[in-house]
Amino acid sequence: MALPLRAADFDFNPQITRDEFRKFSRLVAQGIFASPMQPSGASGLLRFDIGVAATGVQVDTNSTYWQHAVSKDITVGDYVAVPRIVVSKGLSAATIAASYAKVQDTGAQILGGSLDVPIIDGGVIKPTLALRGSYSTLRGVDVYGLNTYGLELFLGKGFGPVTPYGAVGRQRSDARGTIPATSRTAEITLRDKSTINRYTAGVQFNLLFLRLDVEANQAEARSYGAKVSFGF
């Protein structure tokens, strides 16, 4: 299991380049991306779901983009992640979801949300085709701020208690880093805005009130996610 990223671990080296900051920010954005980890589409007003999810993003700990951005090893098996609470609610014509994580022993918080709007409602024969918009933000870190935005097209089809699904879309990140001033140097501000393709494949297992979701994503890197939730 990947270890949680802590606010104190962000420590940008003055030698970090723009390309290294961009690479680092894209990876962190993929890790905090506000995926509710479930098939996309509309659900009834009585639908409510709460669970715990985490996305593990693969990183190269020997690379300069990583070594110039963090102060110590915070990975296990070259993956890093932050567990989060995810809540979703049906709105009849859509589904809304929200997520929250507070990184232990720090002021770092990750807030996120998403909205699913169906294009084609699924049924016994038809699959579900839906749009998902999402947003997340990293707060409480003095030297680093990050917002992510997503727009994805999902296709899924239920087969009894199993629902496989896939998506293609765009992931946008807006990052700002700071290298504090010293007695010899002025404060340095790092900025990056990036937009990349995002691909998702997942499956949900629905066992009465218990749901298990697993996902694989490809954006800046390969990542894997899982969620265990309870609902009705």
Side-chain angles (χ1 to χ4, degrees), residues 26 29-55 84-101 110-138 146-174 193-206 209-220 223-232:
R26 285 181 173 186
Q30 189 171 342
I32 72 168
F33 193 85
S35 170
M37 290 193 197
Q38 62 192 27
S40 181
S43 53
L45 287 172
L46 296 179
R47 172 70 182 269
F48 178 82
D49 188 273
I50 183 169
V52 177
T55 300
R84 55 197 172 92
I85 296 172
V86 181
V87 178
S88 63
K89 178 70 176 68
L91 301 176
S92 185
T95 299
I96 191 170
S99 61
Y100 173 80
I110 301 166
L111 306 175
S114 64
L115 177 66
D116 295 351
V117 179
I119 299 173
I120 300 175
D121 285 324
V124 176
I125 299 176
K126 293 188 302 181
T128 297
L129 184 67
L131 279 175
R132 173 178 292 164
S134 60
Y135 168 79
S136 66
T137 181
L138 173 67
L146 176 65
N147 297 323
T148 74
Y149 311 85
L151 185 63
E152 302 168 277
L153 183 65
F154 274 77
L155 181 67
K157 178 71 177 70
F159 300 93
V162 179
T163 303
Y165 58 93
V168 59
R170 298 283 275 173
Q171 171 185 301
R172 179 174 175 80
S173 58
D174 185 354
K193 294 183 178 181
S194 298
T195 303
I196 57 177
N197 293 331
R198 178 180 171 88
Y199 306 95
T200 298
V203 61
Q204 180 181 83
F205 301 92
N206 194 333
F209 299 108
L210 175 67
R211 298 185 181 95
L212 172 64
D213 293 83
V214 291
E215 282 190 2
N217 308 102
Q218 181 66 51
E220 182 64 19
S223 64
Y224 302 94
K227 183 180 76 170
V228 177
S229 61
F230 300 87
F232 53 86

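When a residue number appears, it is its place in the shown sequence, counting from 1.
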Nearest 0.5 Å, what's the [atom1]-[atom2] distance between [X] and [Y]?
X: Tyr149; Y: Lys193; atom1: OH; atom2: NZ; value: 8.0 Å
X: Leu212; Y: Gln38; atom1: CG; atom2: CD; value: 13.0 Å
X: Leu115; Y: Ser40; atom1: CG; atom2: OG; value: 8.5 Å
X: Thr200; Y: Met37; atom1: OG1; atom2: CE; value: 9.5 Å
X: Asn206; Y: Asp213; atom1: CG; atom2: CG; value: 9.0 Å
X: Ile85; Y: Ser99; atom1: CD1; atom2: OG; value: 10.0 Å

Could you work out, with side-chain contact (heavy atoms from CB on, under 4.5 Å) as the rule, every residue matching [X], not counting sequence neighbours?
X: Ala29; answer: Leu146, Thr148, Gln171, Ser173
X: Leu129; answer: Ile119, Ile120, Leu153, Leu155
X: Val52; answer: none
X: Phe209; answer: Phe232

key: Those residues that, when tested against Asp49, pass salt bridge (charged side-chain N to carboxylate O under 4.0 Å, His left out) (two or more places apart)   =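 Testing Asp49 for salt bridge (charged side-chain N to carboxylate O under 4.0 Å, His left out), a comparison that skips the adjacent residues, returns Arg211, Lys227.
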If the condition is salt bridge (charged side-chain N to carboxylate O under 4.0 Å, His left out), which residues does Glu215 pass it with, not counting sequence neighbours?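 In terms of salt bridge (charged side-chain N to carboxylate O under 4.0 Å, His left out), with neighbours along the sequence ignored, Glu215 is linked to no residue.
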How would you list, by chain and number, every residue that makes a side chain to side chain donor-acceptor pair (under 3.5 Å) with [X], sequence neighbours excluded?
X: Ser134; value: none
X: Gln30; value: Ser223
X: Ser92; value: none

Exercise. Would you please name every residue forming a ring-ring contact (aromatic ring centres under 6.0 Å, His included) with Tyr199, sequence neighbours left out?
Key: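 For Tyr199, no residue satisfies ring-ring contact (aromatic ring centres under 6.0 Å, His included) once neighbours in sequence are set aside.
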_Has Thr95 got a side-chain atom pairing as donor or acceptor with Gly41's backbone, closer than 3.5 angstrom?_
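Flag set: sc Thr95 to bb Gly41 pair under 3.5 Å.
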| Pairs involving residues 194-203, ordered by first then second residue, that meet salt bridge (charged side-chain N to carboxylate O under 4.0 Å, His left out) (sequence neighbours left out) |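 Output for this query lists Glu152-Arg198.
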Quick one: salt bridge (charged side-chain N to carboxylate O under 4.0 Å, His left out) pairs with a partner in residues 122-134, sequence neighbours left out?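 Salt bridge (charged side-chain N to carboxylate O under 4.0 Å, His left out) check on residues 122-134 returns Asp116-Arg132.
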Quick check: closest heavy atoms across [X] and [Y], and the distance to 0.1 Å?
X: Asp121; Y: Ala42; answer: OD1-CB, 4.4 Å
X: Gly133; Y: Leu151; answer: CA-CD1, 4.4 Å
X: Ala53; Y: Val86; answer: CB-CG2, 3.9 Å
X: Pro118; Y: Ala94; answer: CD-CA, 4.5 Å

**Message:** Please determine whether the number of non-hydrogen atoms from other residues, nucleotides or ligands lying under 6.0 Å from atom CG of Leu45 exceeds 12.
**Reply:**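 Yes, CG of Leu45 has more than 12 neighbouring heavy atoms, counting only those of other groups under 6.0 Å.
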Find out whether [X] and [Y] are in side-chain contact, i.e. whether some heavy atom of one side chain is under 4.5 Å from a heavy atom of the other.
X: Pro127; Y: Tyr165; answer: no
X: Leu111; Y: Tyr135; answer: no
X: Ile32; Y: Arg84; answer: no

request  = Determine, step by step, whether Lys157 and Thr128 satisfy the side chain to side chain contact (heavy atoms under 4.5 Å, CB included) criterion, reporting the C-alpha distance in whole Å, the side-chain angles of both residues, the deciding distance to 0.1 Å, and the verdict.
outcome  = CA-CA 6 Å; Lys157 178 71 177 70; Thr128 297; over 6 Å; no
